[in-house]
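Note sheet for the following structure.
Counting starts at 1 for both ligands and their atoms, in listed order.
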Amino acid sequence: MRITLGVTGGVAAYKAAELVRLLQQDGFTVEVVMTRGAREFVTPLTFAALSGQKVITDLFEKSAAGEANLESAIEHIAVAQRTDLLLVAPATADALAKFARGIADDFLTTLYLAATAPVIVAPAMNVNMWNHAATQENIETLRARGVKIVNPDEGYLACGMTGAGRLAGQQEIITAVRETLRTQKDLENETILITAGPTCEDLDPVRYLTNRSSGKMGYAVAGAAARRGAKVVLVSGPVHLETPAGVERIAVRSAEQMRGAVAERLARSTIAIFAAAVADYRPAELQTEKMKRNGAPLTLRLEPTPDILAEAAQTKGDRLIVGFAAETDHVADNARKKLAAKNADLIVANNVTAEGAGFDYDTNIVTLFSRDGRDLALPKLTKSDVAQRILDEVLRLRGVLRTKTESHRSAV
Ligand code: CTP
């Protein structure tokens, strides 16, 4: 996929350089267009070196003899036709105003009018400029026309003031890019087995041990995968959630039942995602009668449950295995250890103590640790966006691992 990155003249222009690198790491081809203002902050050479492509700066590029040539005069049309998405980051108040009014007086603004691809703008400016009625009206005009706006963050601004105006975080911008481009059914050939929710381990006919898992994360992954065309089997512990459209749900209660359902469906899956919060221990004996209170202290004897993920990963073949890790400290260390110990391909780690992450929230803050060594720290996102990013990473990793296997085969 080809992204045209428009860089306009603001202090945040330097952040666009990092954005080029991150977009490329995510598999996009990036072509950069810089306005005259942007060139006051960063040189085109920086972007040319990073993108590996010529950076477009002028509407009428002059030849050595000082004449404009026809090729450059119609290049904005060629760029408009070949791009899959136009991303403008940072977008100044001036650029937004020109886009809103249809003024086309340089390459970027002309490209904006000529492009039929989706457009995303990530504004960055002084807080008063951002809050000004003129800017806000322009933003509303663009939004109404279908332009996706990645709102600026609040914080300390280069002008010395504090407020909304800082360019949004890189991963937030990339999430918007991915969300906008996600129209294709890129998981059509996959069968994905997902575990979700808590397990309940019975003590007697009325009591059980369980945990606070709501199942929201696993269900979000199931729904997102089904929307992207996968055949999805969701093995779920008891939760109060609706089964996402197009998903086959197998309801289980205990870790043992979850293990049985997974064993039955694993062979037919190409990807297995273990999002369930499986109880690590269960009562060693199940009382058939309700236990009576007798006033004396009670000690429960517990035994470990089977590790469903680790068992599944023992015979994984080409199947990609994704696990979750709920951590309270040393998140990266613990997650990488889990990746190796469980023979998984990807671990989605979250710090459950962070505000806006973990149980019962509709948002999550996770880092994705992949077998090929990449650590992808995501900002606070809705669970549905996190689900999409997990699936994106699974597909990226599948590509990397396949390329490695092929080059290994051709080497032997
Ligand atoms: N898992 C599993 N079966 C178990 C326990 C865990 O399939 N009996 C899976 C979970 O679904 C999750 C991952 O393994 O994908 C979590 O691993 P675990 O070692 O249980 O880690 P945490 O519970 O996050 O943390 P801790 O190591 O502290 O228990």
Side-chain angles (χ1 to χ4, degrees), residues 192-202 208-222 225 232-239 241 249-250 252-266 269 271-284 302-316 319-354 357-361 364-371 383 386-387 390-391 393-394 397:
I192 309 189
L193 179 64
I194 301 172
T195 68
T199 65
C200 297
E201 310 300 331
D202 290 336
Y208 56 89
L209 302 177
T210 190
N211 59 63
R212 287 173 53 203
S213 167
S214 64
K216 283 181 180 170
M217 195 58 246
Y219 274 62
V221 178
V232 181
V233 178
L234 178 62
V235 179
S236 172
V239 295
L241 295 172
R249 170 167 151 181
I250 302 175
V252 297
R253 185 170 163 79
S254 65
E256 200 53 47
Q257 289 171 358
M258 187 172 275
R259 175 201 212 178
V262 166
E264 209 169 287
R265 304 304 288 267
L266 189 67
S269 67
I271 297 168
I273 303 178
F274 296 86
V278 184
D280 288 328
Y281 292 90
R282 65 184 165 213
L302 304 178
E303 63 182 16
T305 55
D307 189 327
I308 304 169
L309 187 164
E311 275 185 9
Q314 274 170 12
T315 53
K316 67 178 181 182
R319 188 174 306 113
L320 264 161
I321 303 278
V322 181
F324 278 69
E327 305 292 347
T328 52
D329 57 302
H330 299 98
V331 178
D333 273 0
N334 290 336
R336 283 245 160 250
K337 271 187 205 142
K338 238 164 241 181
L339 188 73
K342 298 198 183 216
N343 195 23
D345 299 291
L346 182 71
I347 289 283
V348 181
N350 66 348
N351 186 339
V352 280
T353 58
F359 303 124
D360 267 331
Y361 280 100
N364 210 350
I365 307 167
V366 304
T367 303
L368 310 183
F369 296 88
S370 299
R371 209 175 96 193
K383 285 192 171 164
V386 172
I390 293 169
L391 295 169
E393 190 66 358
V394 165
L397 190 61

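Protein residues are said to neighbour a ligand when one of their heavy atoms lies under 4.0 Å from it; for ligand 1 these are Phe274, Ala276, Val278, Asp280, Thr305, Pro306, Asp307, Ile308, Leu309, Gly323, Phe324, Ala325, Ala326, Lys338, Lys342.
Cation-pi geometry between Arg282 and Tyr208 is not satisfied (NZ or CZ under 6.0 Å from the ring centre, within 45° of the ring normal).
Side-chain atoms of Thr305 and Glu201 include no donor-acceptor pair closer than 3.5 Å.
The heavy-atom pair separating Phe274 from Phe324 by the smallest distance is O-CD1, 3.3 Å.
When Leu266, Leu193, Asp345 are each tested for a side chain to side chain contact (heavy atoms under 4.5 Å, CB included) with Arg319, only one passes: Leu266.
Applying the salt bridge (Lys or Arg N to Asp or Glu O under 4.0 Å) rule to pairs touching residues 211-222 yields Lys216-Asp362, sequence neighbours excluded.
Side chain of Asn334 to main chain of Asp329: a donor-acceptor pair is present (N/O by atom type, distance under 3.5 Å, no hydrogens or angles).
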